[in-house]
S.K.: 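What follows is a single structure, and I will ask about it in a moment.
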Amino acid sequence: MDTETLLLSGLNPAQCRAVQHFCGPLLVVAGAGSGKTRALTYRLAYLLEHYRVDPEHLLAVTFTNKAAKEIKTRIEDLLVHRLAKQQGHEFTQLSGAEQNQLRSQVYQQVTRHLWMGTFHSLCSRLLRYEIEKYQDEQGRRWTKNFTILDEGDAQTLIKEIMQNDMNLDEKRFEPRQVRYTISRIKNQGKSPSHYEREESNYRGRVIAEVYSRYQQELAKNNSLDFDDLLLVPVRLFQQNEQILAYWHQKFRHIAVDEYQDTNHTQYELIRLLATNGHHPQDMAWENRSIFVVGDADQSIYRFRGADFTILLNFQNDFGDRLPDADTRTMVKLEQNYRSVANILEAANHLIRHNQERIDKVLRPSHGSGEKIITFTANDERDEADYILRQLRYLRQQNPHYSWQSFAILYRTNAQSRALEEVLVRGDIPYHVVGGLRFYDRKEIKDALAYLRLLVNPTDNISLLRVINTPKRGIGKSTLEQIAQMAEADGRSLWQVLAGTDALTQLKGKTAQSIQTFVSLIEHWQRQLDTKTAPEIIQGILTESGYRRELELAGTDEAAERLQNLQELVNAAIQYGEENDDPSLLGFLSNASLASDLDQLEEGPDKITLMTLHASKGLEFPVVFLVGLEQGLFPNFRSLNDPVALEEERRLCYVGITRAKERLFLTHATSRRLYGNRREPAMASMFLQELPPHVVQVDRGQTWVNPTKTPPNPAGGQRSAARQRWQVGDRCFHRKFGVGQITHIFGKEPRVHLGIRFESYPTPKMIDPRLVELTPLED
DNA sequence: ATACTAAAATTTTTT
DNA sequence: ATTTTAGTAT
């Protein structure tokens, strides 16, 4: 079988057209579940294998690091099979050693040369080569050891500037808001003075001032924030023709996934690389291409600067004006391979309520399936209980469902707590994606700060983080003195500490502590070229006393922290194995840019809890979409803003289209917020926007799948479960034995019983509709 | 310099 | 309700 057949078999005609695309622009409009990742992967493999493109010339931008890894692996798989065929073998029949040999050959020749990753990771990689040629409009410069500030660090820095340097009233200027505004200004490519000219009111002047000081701080710390990571390459390309020319000729074939979530800086970057600054319509596209994949209906990152009109404008931007341009520069993938027809119909019907979109429908490949179930709960606890019951029931009815088959999706991270409590109680294995990232944990940030300080001693933020962690008796007043000395002659904190003048000015004990700290750091710095990252981390943890402090604490929390630090060492080892020339710098970038989703490995069998945003690109046989309440989802901040409301609807569309077989939509009439109850909560408008004939309301009398016969967990004794219980009643439970009712929670028919069992020290909470409970006569 | 206590803020989504 | 921040006592 030749390459052509191998790579095109099993694809539909539209997918084939996308895969076979060689030069010029192509927009692939890919609805949810239409095999877009597959098309992208095969296209890249096809470029390499069929058109013989040198892997050096490919640039592929993915939305997550995980997606990049996946696509790389899949390309490797395709190429490995192909190579085996060429040598007259069937890959799967080769011995393990031979398979590994082929894999390593493909890796050495092809995949290791690919530039594939998120915008941020690709830019940080490019900047390790180029940043020393860059200077900003103030003439400030950075070195390749720059630190990447995460969102939290950026927030803290802005807050410090606002209260320490500028004495601003926090009531009038919320640091969060200011950070957000500055990020927006930066993404529009505006300097502080540029912004001030446009917004010359008081607020505008203040924000411009914070922005200006913030950039100054970043430069002083040799640091970049997430926005700079994208902006600096763009500026560099704009100010230096030769640099742009180099990268333009290197990246002859550019592919971008999730193009609808591209922001203006990212767009500019792609435009520059693809066109070398020429007008795209004057471009000669021989041996060059720009290939983007996206779906405007799944654009959900407007708050981060994403603008889906960039996708809608693609053909104007990169296409030509000839009459048949549309058919030559666009492919539509509308065949959905993921979900049953009922779910697709609901998704199609919902999204049609949006004004600002291009009409498109997803065509089903499967039968209608079960109806979508909606359920109204009393509160978030009741909602979680309902899900627990359904989980058990579905598992019991369908042996092919494992825990991995289920996902619970919600609008806000805070909603996970109530769900988790019930899942723990119900003994259901689960994991939460998002929320607190691994790299955001205190102990991990501390360890990373040590590493950052080693490679980038000008990084004051990291220095301040570690100088007194663990406690060394170097306190606030000492640091203030040092900061003043640094300020006075424009040195960094490290330069002052490492210099001789600081020690002479400070008192004996403090000076001693500082001397010890400085020697430690210098000691580790000398190891940078000889030791590996994991070795250095181990050294830091031991020699700094960090590990000992945790060991002495002896609490569960400390034990967990030690465990996490060990995980960090493991992560560094793994990074070393996965990368050709592993460097500490690379590991640090990786840590700054890793998302929680990237950590998500194929692990033990668990159900998944995550936000709707995090679920993008994933699929599950059964999806529970919870908290469908007006004000929560759609979020209250979007209720008066039609544009924001449409984004919420797209988010709902994304959620619905994650489901392959079953979809459950729940809402609660009352929900806890800030500790007090907020009610009544109206059902989400999105529920009214679903086509009624594919929806089945679950009223709770039958907690079972209403389209089938009710289950009978009590084995014909269901009437027993219907009994009205009273406090003091005695009962028998299959597992816990004889007990007595002590409490009744909730009102019929959804009650929970507090039961004290003779065999159990504390009262158990039992749902009589869920477990068999036989009444006993006194 | 650090440990403890009271108040005040938090919740939209994230590379 | 929980978690972060500011203030005070040791």
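Because only heavy atoms are used, hydrogens play no part in the values below, and waters and symmetry mates are left out as well, while side chains stay in.
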S.K.: Do A/Gln260 and A/Glu258 have side-chain atoms, one donor and one acceptor, less than 3.5 Å apart?
M.R.: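 A/Glu258 and A/Gln260 do have a side-chain donor-acceptor pair below 3.5 Å.
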
S.K.: Starting from C1' on B/dT14, measure out to CD on A/Glu258 and report it in whole angstrom.
M.R.: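 Those two atoms, CD and C1', are 14 Å apart.
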
S.K.: Once you measure the plane-to-plane angle for A/Phe226 and A/His120, does it fall in the parallel (<30°), tilted (30-60°) or perpendicular (>60°) bin?
M.R.: perpendicular

S.K.: Please determine if A/Arg179 and A/Asp227 form a salt bridge, counting it only when a charged side-chain N lies under 4.0 Å from a carboxylate O.
M.R.: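 A salt bridge is present here (some side-chain N lies under 4.0 Å from a carboxylate O).
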
S.K.: How many Å lie between CD on A/Gln155 and P on B/dT15, as a whole number?
M.R.: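 Those two atoms, CD and P, are 16 Å apart.
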
S.K.: Describe the nucleic acid contact of A/Arg417 in one word from base, sugar-phosphate, nothing, applying a heavy-atom distance below 4.0 Å.
M.R.: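 Since only primed, P, OP1 and OP2 atoms lie under 4.0 Å of A/Arg417, the category is sugar-phosphate.
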
S.K.: Under a plain distance cut-off of 3.5 Å, with no hydrogens placed, do A/Thr156 and A/Arg465 share a side-chain donor-acceptor pair?
M.R.: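 Side-chain D/A pair, A/Arg465 to A/Thr156: absent.
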
S.K.: Give the dot-bracket string for DNA chain B, reading 5' to 3', where a pair is Watson-Crick or G-U wobble with both distances under 3.5 Å, ( ) marks pairs inside the strand, [ ] marks pairs crossing earlier ones, | marks a partner on another strand, and . marks unpaired.
M.R.: ||||||||||.....

S.K.: In whole Å, I'd like the distance from the CD atom of A/Gln415 to the P atom of B/dT10.
M.R.: 19 Å

S.K.: Atom pairs, N/O to N/O, protein against nucleotides 11-13 of chain B, distance under 3.5 Å?
M.R.:
residue: B/dT12; atom: OP1; partner: A/Arg637; partner atom: NH1; Å: 2.6
residue: B/dT12; atom: OP2; partner: A/Arg637; partner atom: NH1; Å: 2.9
residue: B/dT12; atom: O2; partner: A/Arg411; partner atom: NH1; Å: 2.7
residue: B/dT12; atom: O2; partner: A/Arg411; partner atom: NH2; Å: 2.1
residue: B/dT13; atom: OP1; partner: A/Asn413; partner atom: N; Å: 3.0
residue: B/dT13; atom: OP1; partner: A/Asn413; partner atom: ND2; Å: 2.9
residue: B/dT13; atom: O4'; partner: A/Arg411; partner atom: NH2; Å: 3.3
residue: B/dT13; atom: O2; partner: A/Arg411; partner atom: NH2; Å: 2.7
residue: B/dT13; atom: O2; partner: A/His613; partner atom: NE2; Å: 3.4

S.K.: How many whole angstroms separate atom CG of A/Asn187 from atom C1' of B/dT15?
M.R.: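 Going from A/Asn187 (CG) to B/dT15 (C1'), I get 11 Å.
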
S.K.: Rounded off to whole Å, could you give me the NZ-to-P distance for the A/Lys66 and B/dT14 pair?
M.R.: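 Answer to the nearest Å: 15 Å.
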
S.K.: Could you state the atom-to-atom distance from CG of A/Leu230 to P of B/dT14 in whole Å?
M.R.: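 Rounded to the whole Å, the gap is 18 Å.
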
S.K.: Rounded to the nearest 0.5 Å, what separates atom CG in A/Leu231 from atom CD in A/Gln266?
M.R.: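 Going from CG on A/Leu231 over to CD on A/Gln266, the span is 10.0 Å.
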
S.K.: How about A/Asp446 and A/Tyr546: does a side-chain donor come under 3.5 Å of a side-chain acceptor?
M.R.: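 Per modelled atom types, A/Asp446 and A/Tyr546 side chains form a pair under 3.5 Å.
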
S.K.: Distance alone, cut at 3.5 Å: any donor-acceptor contact between the side chains of A/Asp379 and A/Ser670?
M.R.: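 No.
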
S.K.: Figure out the CE/P separation between A/Met610 and B/dT14, and round it to whole Å.
M.R.: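 After rounding, the reported distance stands at 11 Å.
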
S.K.: Write down the distance between CG (A/Asp153) and P (B/dT14), rounded to a whole number of angstrom.
M.R.: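 After rounding, the reported distance stands at 18 Å.
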
S.K.: Under 4.0 Å: is that the gap between some side-chain N or O of A/Lys159 and OP1 or OP2 of C/dT5?
M.R.: yes

S.K.: Identify whether any heavy atom of A/Glu151 sits under 4.0 Å from a base atom; if not, whether one sits that close to sugar-phosphate; answer base, sugar-phosphate or nothing.
M.R.: base

S.K.: Enumerate the residue pairs fulfilling salt bridge (charged side-chain N to carboxylate O under 4.0 Å, His left out) with a member in residues 293-309 of chain A, sequence neighbours excluded, ordered by first and then second residue.
M.R.: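 Counting only pairs at least two positions apart or across chains, the salt bridge (charged side-chain N to carboxylate O under 4.0 Å, His left out) contacts touching residues 293-309 of chain A are A/Asp295-A/Lys360, A/Asp297-A/Arg357, A/Asp297-A/Lys360, A/Arg302-A/Asp641.
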
S.K.: Sequence neighbours left out, what passes side chain to side chain contact (heavy atoms under 4.5 Å, CB included) with A/Thr37? Give chain and number order.
M.R.: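 Residues passing side chain to side chain contact (heavy atoms under 4.5 Å, CB included) with A/Thr37: A/Thr41, A/Ile71, A/Arg74.
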
S.K.: Only counting residues at least two apart or in another chain, list the ones meeting ring-ring contact (aromatic ring centres under 6.0 Å, His included) with A/Phe664.
M.R.: A/Phe624

S.K.: Any N/O pairs under 3.5 Å between the protein and nucleotides 1-4 of chain B? List them or say none.
M.R.:
residue: B/dA1; atom: OP1; partner: A/Gly475; partner atom: N; Å: 2.7
residue: B/dA1; atom: OP1; partner: A/Thr478; partner atom: OG1; Å: 3.4
residue: B/dA1; atom: OP2; partner: A/Ser477; partner atom: OG; Å: 3.4
residue: B/dT2; atom: OP2; partner: A/Asn468; partner atom: ND2; Å: 3.1

S.K.: May I ask you to establish whether A/Arg184 and A/Phe303 are in a cation-pi arrangement, using a distance under 6.0 Å from NZ or CZ to the six-membered ring centre and at most 45° from the ring axis?
M.R.: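 Pair A/Arg184/A/Phe303 does not count as cation-pi.
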
